[in-house]
S.K.: 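One structure, pasted below without further comment.
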Amino acid sequence: MKFVKRTEKCGLLNSSKIGDEVILNGWVASNRNLGGLLFIDLRDRWGIAQLVIEPENFPQLAELGRTLRSEFVIWAKGVVRKRESVNTKIPTGEVEILLTDFGIINQSLLPPFEISDLTDANEELRLKYRYLDLRRNELQNNLVVRNKVYQIVHKYFYENDFMEIETPLLMKSTPEGARDFLVPSRIYKGRFYALPQSPQIYKQILMVSGFDRYIQIAKCFRDEDLRSDRQPEFTQIDCEMSFVEQDDIISIFENFIKVTWKKVLNVDLQLPFARLSYKEAMENYGSDKPDTRFDIKIKTLNTLFQNTDFQVFKQTLENNGIIAGINAKGCGNYSRKQIDTLTEFAKKYGARGLAYIKFSEGTVTGSIAKFLSEQEIQDLKTTFQVEDNDLILFISDKWTRTYTVLGALRLEIARQTGIIEQVKNKFNFLWVVDFPLFEYDETEERYVAMHHPFTSPKIEDIPLLDTNPGEVRAIAHDIVLNGVEIGGGSIRIHDADLQKKMFNLMNISEKEAEDKFGFLLTSLKYGAPPHGGIALGLDRLTMLLIGTDNIRDVIAFPKTTSGLSLMDNAPSFVDEKQLNELGIAISPNSKTM
Ligand code: ASP
């Protein structure tokens, strides 16, 4: 099968070429017979061109043309001419190519699904034949956007004097919170490398080495139970800087976001982005990644109910808990069934129940209406700026649970009332700062780092490490877009003694700290500069730029939510011989099918 090399790309043809003889290469997207003429849509990476065969003048070409099927690869020679009926939907829609010659370069089996924008094939089938799915416009465009992001990263950070440095993929297992993927060593049997959960330790060590301003588009691996928006391997835009304060990192990154949004979407973002402390985010929005595109805010009601006779609230106050609520505007007509569904929803987030009152045509009804005083009702009206047909939802529980549940309810109400749909074109970026340094792990009965163990406490909070570690705030920063965390980072500890103290507070013994992180601790003793950084999730960023909520749509070869690669069947069993070489035996009971 002969191959004649192209002179033009299908998707780039336009009326400036009218009259030229061109040669195209590509895939047959469709082939139809209309009014005695043969029309072939030919596709390449740049788009689609229409080819025409006139059977009257080229009977042999027409005969061969009739044998063409979808996805055959062909070369086609002809003259560009103006179309009789222009197709305004595609960039090449003004022209077509009258063929004078063409040939089949390669045939194709019948694809198992239609390669079109409107394909209704299920995702499993599309993942199995990923190479065919990737021919579809949508996925081609997604990877075009992803590539744009790569190029912006390289250019922006280079221009800002950052250095790209690769860090190892085979490293020491130093779990950062998640489980490591392990790689057995053949030479040192019984020993394992780990794939990096992030280049965190290496980038800090690069700062010790003096490579101020590091950036890398880094592959990261976390062996966690998967969720629909997670992949076991993912990509981060990973950065570290020396001799900086938090503001320097924030400013470099919000400007990077601004440049990216301008270049990819032609959207002008206003800087600086808003900043909320963790406490403000939780108390107003019930989330450390608040969606601030809409204005339903949580109100804390402890003062309002300080003299309440309602037992449930009274007890919460006695237990130093929090009573808080939101106004679900316009939901005063919710039926009992709708409220029950909301209650079930709240329970999924840990609520023990959901109290509510409804304001409708001057009357106040609802589960706790009869327990509230006239004054309390009046105060609620003022606090929530109540109008007729409003529904107030209350949670009274421990601080975290009260706000988390109300945060989830606030989003659910926004979904149910169509608010999310109304704000879907907004981009609300913000920074969340002043996170707690630790969270208490109830099952392990110890403090764990909220960000990671290398994060610096706020200087003014250092004395609290000895008295009340739970109250210590971190110099950490998360960047959030429309309720999605797209990145996070911190100023790091550059003092070996403070780092040791951190491990100590987390109940990591000196021996364990030495075994796992000894090399980092030692490096900090050789003149570590103050440093800090951040990592943005490149997959998530691309998803938000494109407006998809499926992470697999922005990754060329993704895994399923259960961690399988359906195209190549990874993970797979390996030969006995390979296992022997590694000194590994699989215990018979642990084998899965
Ligand atoms: N290594 C951190 C992460 O992967 C990011 C950072 O602190 O820079 O979340």
Side-chain angles (χ1 to χ4, degrees), residues 153 157 162-169 171-181 194-208 211-224 229-242 244-254 256-257 278 288-289 431-439 448-458 473-481 484-494 499 502 516-517 520 524 528-541:
V153 170
F157 287 98
F162 282 75
M163 277 182 72
E164 288 194 39
I165 302 180
E166 289 170 76
T167 50
L169 287 187
M171 64 178 283
K172 181 183 161 82
S173 175
T174 48
E176 241 186 76
R179 221 172 279 120
D180 278 337
F181 276 100
L195 302 180
Q197 294 186 25
S198 87
Q200 185 62 36
I201 295 181
Y202 290 108
K203 68 176 175 174
Q204 288 193 233
I205 288 180
L206 283 171
M207 295 305 106
V208 178
F211 288 105
D212 191 348
R213 298 206 158 198
Y214 140 95
I215 190 81
Q216 182 182 195
I217 296 182
K219 265 295 176 81
C220 305
F221 306 83
R222 295 185 191 171
D223 189 5
E224 291 177 296
D229 63 343
R230 278 214 191 125
Q231 287 277 303
E233 58 177 301
F234 57 96
T235 308
Q236 284 189 342
I237 303 168
D238 191 47
C239 154
E240 197 74 8
M241 300 161 80
S242 293
V244 285
E245 291 172 334
Q246 187 172 51
D247 278 353
D248 300 305
I249 302 165
I250 286 185
S251 133
I252 283 280
F253 269 79
E254 58 187 20
F256 163 69
I257 295 281
Y278 171 80
D288 60 1
K289 39 180 188 296
W431 293 96
V432 179
V433 294
D434 291 351
F435 281 86
L437 187 63
F438 297 112
E439 43 191 349
V448 292
M450 190 144 184
H451 185 51
H452 53 54
F454 318 112
T455 295
S456 172
K458 288 191 103 170
R473 291 165 302 163
I475 317 180
H477 36 261
D478 271 6
I479 179 164
V480 176
L481 168 57
V484 180
E485 182 203 323
I486 52 175
S490 60
I491 294 289
R492 329 295 183 187
I493 297 167
H494 65 278
Q499 185 64 67
M502 279 289 288
K516 280 189 180 152
F517 305 108
L520 175 71
L524 293 181
H531 60 286
I534 187 169
L536 297 194
L538 188 140
D539 309 296
R540 285 218 188 139
L541 202 70

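Bear in mind that the values here come from a model prediction, so they are computed numbers and not experimental data. Start at 1 and go down the list; that is how both ligands and their atoms are numbered.
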S.K.: Which heavy-atom pair separates Tyr278 from Pro436 by the least distance, and what is that distance?
M.R.: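 Nearest heavy atoms, Tyr278 then Pro436: CD2-CD, 3.4 Å.
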S.K.: Determine whether Phe162 and Phe211 satisfy the following criterion, ring pair (Phe, Tyr, Trp, His ring centres under 6.0 Å), listing intermediate values before the conclusion.
M.R.: CA-CA 9 Å; Phe162 282 75; Phe211 288 105; over 10 Å; no
S.K.: How does Ala535 reach ligand 1, by side chain, by backbone, by both or by neither, if only non-hydrogen atoms under 4.0 Å count?
M.R.: both
S.K.: Side chain, backbone, both or neither: which part of Gln204 comes within less than 4.0 Å of ligand 1 when only heavy atoms are counted?
M.R.: neither
S.K.: Test salt bridge (Lys or Arg N to Asp or Glu O under 4.0 Å) on Lys458 and Asp434; report intermediate values, then the result.
M.R.: CA-CA 8 Å; Lys458 288 191 103 170; Asp434 291 351; 2.8 Å; yes
S.K.: Who gets closest to atom 9 (O) of ligand 1 by heavy atom: Gln200, His451, Lys203?
M.R.: His451
S.K.: Counting heavy atoms only, which part of Gln236 comes closer than 4.0 Å to ligand 1: side chain, backbone, both or neither?
M.R.: side chain
S.K.: Numbering the atoms of ligand 1 from 1, which are under 4.0 Å from a heavy atom of Gly489?
M.R.: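 So the answer, numbered in order with elements, is 6 (C), 7 (O).
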S.K.: For atom 3 (C) of ligand 1, which candidate among Glu240, Arg222, Glu485 provides the closest heavy atom?
M.R.: Arg222
S.K.: With a cut-off of 4.0 Å, which atoms of ligand 1 are near a heavy atom of Ser198?
M.R.: 1 (N), 4 (O)
S.K.: So, the side chain of Arg222 versus the backbone of Gln197: is there a donor-acceptor pair under 3.5 Å, distance only?
M.R.: yes
S.K.: Can you sort out which atoms of ligand 1 are near Ile534, meaning under 4.0 Å from one of its heavy atoms?
M.R.: 8 (O)
S.K.: State, to 0.1 Å, how close Gly489 and Asp478 come at their nearest heavy-atom pair, and which atoms those are.
M.R.: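 Minimum heavy-atom separation between Gly489 and Asp478: N-OD1, 4.4 Å.
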S.K.: Do any N or O atoms from the side chain of Glu439 and from the backbone of Val448 form a donor-acceptor pair under 3.5 angstrom?
M.R.: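 Not confirmed, Glu439 side chain does not pair with Val448 backbone.
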